[in-house]
Amino acid sequence: MNIGLKPFDRLTQAELNIWVKEGQQRSQLGQLPSYIPQLAQVNPQEFVVKILTIPGPSYQAGNEALRFPVMSVIKCFLLLNRLLELGEERVFQRVGVQPSDQPFNSLEQLESDGGWPRNPMINSGAIALAGLLPGKDADTRCQYLCSWLNQFGDCQLVLDRDILESVRSAPNAKNQALVSTLAAAGYLEYPEITLDTYNQICCLSATISDLAKLGLLLLKPPNPQWQNASRIVKALMMTCGLYETSGQFAVKVGVPTKSGVSGAVLSIIPDLGAIACYSPPLDSQGNSMGGLFLIEKMVETVNYPHFSRSKCGLLASTGIASEETEVCSGD
């Protein structure tokens, strides 16, 4: 990290409000997801952001009381939990760490890989990890993860049963095909329970403050034993968190980021803070248009030394330490 960096000193509430308005304008080019009926009915102009910094100050815009389903953002914390409880070896016997150039729900990608889920940030990988949660049924497994996150994140996640019923009312044929392929390849047991578990954990709802607090779990782990697992999660957010556009965003913005089809986005600026945003309209890859715009503006403001400026930036952003960092010059 650049020693001369003064995190968020340049940010003002007025600037944040301007970016929110511009983000709302840009989001008009996006679309609401049609395959989950209730998500297709939300107000497309909702825009909420929360920034929690390690030094202490926080910033917020929009309706802080608004609740929304976290959807695929939960994949980061499913991975974190399973790494901590089971260890790397067991987790990576079920899922890989390679980026994908296919959509997040691609059956073709899974089939071409012989049923091996390519990474934990796409649906096949997260479904495989959901199969490793403890509990006799989906309700028990979802409640376990929800309680664990509320305990360590000091947040108030709850299962949004209306969203869950909306998901169940329009069964996702692609996810069902992914489950069948995973099971046939030997990477999944109890397919029905696992798919229901995956649906439930994606339907956990949060406020924007809850989501930002979860981000701080990856920045300020509660004990040293979490450090390596947090590093792995941030690295995979960087390389896989925005699906096939992950590489482009890493080069342009350069901070670990994960999106969900609800319009939720969580971004980590290592050593500085967490940015949580909710803006429902999505781009063609399923990422929040307004949310990614705002995160890019935030990173510009703190002048974070990201990947496009130096090789060290990527290593620092993901938390990956190597001998290379000792010979790179700072920006």
Side-chain angles (χ1 to χ4, degrees), residues 1-12 15-16 19 49-60 73 76-77 79-80 83-84 121 149 152-155 208-242 246 249-259 265-277 291-292 294-331:
M1 177 181 170
N2 188 333
I3 295 176
L5 188 67
K6 295 182 179 180
F8 296 104
D9 280 0
R10 300 182 185 88
L11 179 64
T12 66
E15 282 180 313
L16 183 58
W19 295 338
V49 60
K50 183 79 172 188
I51 302 159
L52 294 179
T53 70
I54 289 180
S58 64
Y59 305 86
Q60 186 267 331
V73 179
C76 305
F77 302 99
L79 174 60
L80 178 66
L83 284 169
L84 291 170
M121 300 298 164
L149 290 172
F152 287 103
D154 188 29
C155 50
I208 202 67
S209 293
D210 291 330
L211 190 56
K213 287 178 180 179
L214 289 179
L216 288 187
L217 272 181
L218 297 172
L219 278 169
K220 298 171 59 179
N223 60 65
Q225 287 73 31
W226 287 46
Q227 291 288 350
N228 193 53
S230 298
R231 173 191 65 81
I232 292 170
V233 174
K234 288 182 289 185
L236 287 167
M237 289 172 70
M238 174 75 84
T239 59
C240 309
L242 300 176
S246 299
F249 193 80
V251 170
K252 186 177 182 181
V253 182
V255 295
T257 301
K258 185 72 189 81
S259 66
V265 184
L266 177 64
S267 194
I268 308 298
I269 304 184
D271 302 320
L272 299 186
I275 305 171
C277 187
L292 294 189
L294 184 127
I295 288 165
E296 183 177 348
K297 285 294 184 181
M298 286 299 312
V299 173
E300 288 176 0
T301 295
V302 301
N303 195 29
Y304 194 77
H306 56 79
F307 178 52
S308 64
R309 294 175 189 163
S310 80
K311 186 175 183 181
C312 299
L314 179 59
L315 296 170
S317 296
T318 59
I320 297 173
S322 79
E323 293 179 359
E324 293 175 278
T325 62
E326 298 180 3
V327 297
C328 294
S329 58
D331 291 331

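Note that the structure is a prediction, hence the values are computed from the model and not measured. Note: hydrogens, waters and symmetry copies are ignored here, and every other heavy atom, side chains too, is used. Throughout, numbering of the chain's residues begins at 1 and tracks the sequence.
Distance CG/Leu79 to CE/Met237: 10.5 Å, rounded to 0.5 Å. Remark: Glu15 CD to Met298 CE distance equals 9.0 Å, nearest 0.5 Å. Lys234 NZ to Met238 CE: the interatomic distance, rounded to the nearest 0.5 Å, is 10.0 Å. The OG atom of Ser259 sits 5.0 Å away from the CG atom of Leu242 when rounded to the nearest 0.5 Å.
Scanning for ring pair (Phe, Tyr, Trp, His ring centres under 6.0 Å) contacts around Trp19 gives an empty result, with sequence neighbours left out. Ser246 meets the side chain to side chain donor-acceptor pair (under 3.5 Å) test with no other residue; sequence neighbours excluded. Partners of Asp154 by side-chain contact (heavy atoms from CB on, under 4.5 Å), not counting sequence neighbours, listed by chain and number: Lys213.
Residues Cys240 and Met121 share a closest heavy-atom pair of O-CB, 3.6 Å. Cys277 and Gly291 make their closest contact through SG-CA, 3.7 Å (heavy atoms, listed as atom of the first residue, atom of the second, distance). In plain terms, the two heavy atoms of Leu80 and Ala229 that are nearest each other are CD1-CB, 3.9 Å. When every heavy atom of Ile268 is checked against every heavy atom of Ala274, the shortest pair comes out as CD1-CB, 4.3 Å.
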Starting from the C-alpha separation in whole Å, work towards a yes-or-no answer on side chain to side chain contact (heavy atoms under 4.5 Å, CB included) for Glu296 and Glu300.
CA-CA 6 Å; Glu296 183 177 348; Glu300 288 176 0; 3.8 Å; yes
Output, in order, the C-alpha distance, side-chain angles, deciding distance and verdict of side chain to side chain contact (heavy atoms under 4.5 Å, CB included) for Leu294 and Leu16.
CA-CA 9 Å; Leu294 184 127; Leu16 183 58; 4.0 Å; yes
Stepwise side chain to side chain contact (heavy atoms under 4.5 Å, CB included) check, Leu217 with Trp226:
CA-CA 9 Å; Leu217 272 181; Trp226 287 46; 4.0 Å; yes
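In this structure, Tyr59 and Leu52 have side chains that are not in contact, with every pair of non-hydrogen atoms separated by 4.5 Å or more. Residues Ile54 and Lys220 are in side-chain contact: their nearest non-hydrogen atoms beyond the backbone lie under 4.5 Å apart. Counting heavy atoms from C-beta on, the side chains of Val233 and Phe77 never come closer than 4.5 Å. At least one side-chain heavy atom of Leu214 sits under 4.5 Å from a side-chain heavy atom of Cys155. The side-chain heavy atoms of Ile208 and Val49, taken from C-beta on, include no pair separated by under 4.5 Å. Residues Val265 and Val73 form no side-chain contact, since every pair of their non-hydrogen atoms from C-beta on lies 4.5 Å or further apart.
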